[in-house]
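No experiment lies behind these values; they were computed from the predicted model shown.
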Amino acid sequence: MGKPAYIEDEKQWAEEFTFFDEISVRFSETDAFGHVNNTVAFIYFEQARIRFFQHGGLMDEWVNGPYMIVTGDLQCDYIRQITFGETLRVGVKAAAIGRTSVDIHYMVLNEKDEVCMTGRGRIVQVDKQTGKPAAWESHLLEKMEV
């Protein structure tokens with residue numbers, strides 16, 4: 001499998017991750033073949049993304065303020081199988097910030113620090129009243145770079 005289009009230089013890309021969330025693989029997340037079901041990657045991404053935003057103080061802004069976030073798109077590239085009982089580290093970073101959205105990248109490492117999955121997704125800030133995209137305010141942009 002070739003590298004995904006969103007990764008130009010694999011080494012540099014991996015070194016840019018500074019936030020990691022730890023996840024233990026539950027039995028219920030595995031399939032009949034004994035490895036993590038392909039849909040579970042998106043749950044891991046969501047959990048790590050929420051913790052990333054909490055770490056930066058953004059979740060409180062969205063829960064209590066006039067804006068919220070929605071997922072515009074989400075992609076996963078599967079590299080290595082993951083099995084029940086493994087402990088994973090899910091890296092999250094803001095790769096590119098637009099006027100109303102942010103491109104989030106993910107890197108899932110196993111206990112041997114091998115990359116098992118990579119991913120990316122566009123998260124869009126929308127106005128809770130209108131449902132339309134809303135531009136980032138400067139204080140949110142500062143928090144985005146955690």
Self-check item: Salt-bridge present (Glu10, Lys3; N to O < 4.0 Å)
Solution: no
Quiz item: Step by step, would you call Glu61 with His139 a side chain to side chain contact (heavy atoms under 4.5 Å, CB included)?
Solution: CA-CA 10 Å; Glu61 294 274 353; His139 75 282; 3.2 Å; yes
Quiz prompt | For the student: nearest non-hydrogen atoms of Trp62 and Lys128, plus distance | solution = O-NZ, 2.8 Å
Quiz item: Any side-chain heavy atom of Val124 sitting closer than 4.5 Å to one from Ile69?
Solution: no
Exercise. Run the numbers on Gln125 and Leu140 for side chain to side chain contact (heavy atoms under 4.5 Å, CB included), then give the verdict.
Key: CA-CA 11 Å; Gln125 178 176 258; Leu140 295 177; 3.3 Å; yes
Practice problem: Please tell me if the side chains of Val108 and Val115 come closer than 4.5 Å, counting only heavy atoms from C-beta onward. | Solution: no
Exercise. Check whether more than 12 heavy atoms from other residues, nucleotides or ligands sit under 6.0 Å from atom CD of Gln129, and answer yes or no.
Key: no
Quiz item: Which heavy atom in Ala48 sits nearest to a heavy atom in Asp21, and how many Å separate them?
Solution: CA-OD2, 3.7 Å
Self-check item: Whether over 12 other heavy atoms sit under 6.0 Å from Arg26 CZ
Solution: no
Exercise. Can you see which heavy atom on Asp127 is nearest to which on Ala134, and at what distance?
Key: N-CB, 4.0 Å
Self-check item: CD on Glu22 to CZ on Arg51, rounded to 0.5 Å
Solution: 10.0 Å
Exercise. Before giving the answer on side chain to side chain contact (heavy atoms under 4.5 Å, CB included), spell out for Val92 and Ile104 the whole-Å C-alpha distance, their side-chain angles and the decisive distance to 0.1 Å.
Key: CA-CA 7 Å; Val92 182; Ile104 299 290; 3.6 Å; yes
Exercise. With rounding to the nearest 0.5 Å, note down the distance linking CD in Gln81 to OG1 in Thr83.
Key: 8.5 Å
Quiz item: Sequence neighbours excluded, which residues qualify as ring-ring contact (aromatic ring centres under 6.0 Å, His included) partners of Phe33?
Solution: none
Practice problem: Only counting residues at least two apart or in another chain, list the ones meeting side-chain contact (heavy atoms from CB on, under 4.5 Å) with Asp9. | Solution: Lys11, Gln12
Exercise. Taking the side chain as every heavy atom from C-beta outward, state whether Cys116 and Ile79 have any pair of such atoms under 4.5 Å apart.
Key: no
Ignoring hydrogens and angles, write down the donor-acceptor pairs under 3.5 Å from the side chains of residues 38-46, residues two or more places apart or on other chains.
unit_1	atom_1	unit_2	atom_2	d
Thr39	OG1	Asn37	OD1	2.7
Tyr44	OH	Glu29	OE1	2.6

Practice problem: Sorted by first residue and then second, give each side chain to side chain donor-acceptor pair (under 3.5 Å) pair with at least one member in residues 97-107; sequence neighbours left out. | Solution: Trp13-His105, Arg49-Tyr106, Ser101-Arg122, Asp103-His105, Asp103-Arg120
Quiz item: Rounded to the nearest 0.5 Å, how far does NZ of Lys93 lie from CZ of Phe20?
Solution: 9.5 Å
Self-check item: Ile82 vs Met117 side-chain heavy atoms within contact, under 4.5 Å
Solution: yes
Self-check item: Nearest non-hydrogen partners of Asn110 and Lys112, listed with the distance
Solution: OD1-N, 2.9 Å
Quiz item: If you group Ile, Leu, Val, Met, Phe, Trp and Tyr by side-chain heavy-atom gaps below 4.5 Å, do Ile97 and Ile50 land in one group?
Solution: yes
Practice problem: Give every residue pair that meets the ring pair (Phe, Tyr, Trp, His ring centres under 6.0 Å) criterion with at least one member in residues 112-138, sequence neighbours excluded. | Solution: none
Quiz item: Applying the 4.5 Å side-chain criterion to the ILVMFWY set and letting contacts propagate, would Leu74 and Met68 be lumped into a single cluster?
Solution: no
Exercise. Please report the shortest heavy-atom distance between Pro4 and Thr118, naming the atom on each side.
Key: CG-OG1, 3.7 Å
Quiz item: Does Glu8 have any side chain to side chain donor-acceptor pair (under 3.5 Å) partners at least two apart in sequence or in another chain, and if so, which?
Solution: none
Quiz item: Under 4.5 Å between any side-chain heavy atoms of Val25 and Leu88, yes or no?
Solution: yes
Quiz item: Between Lys143 and Phe53, is there a donor-acceptor pair closer than 3.5 Å when you use the side chain of the first and the backbone of the second?
Solution: no
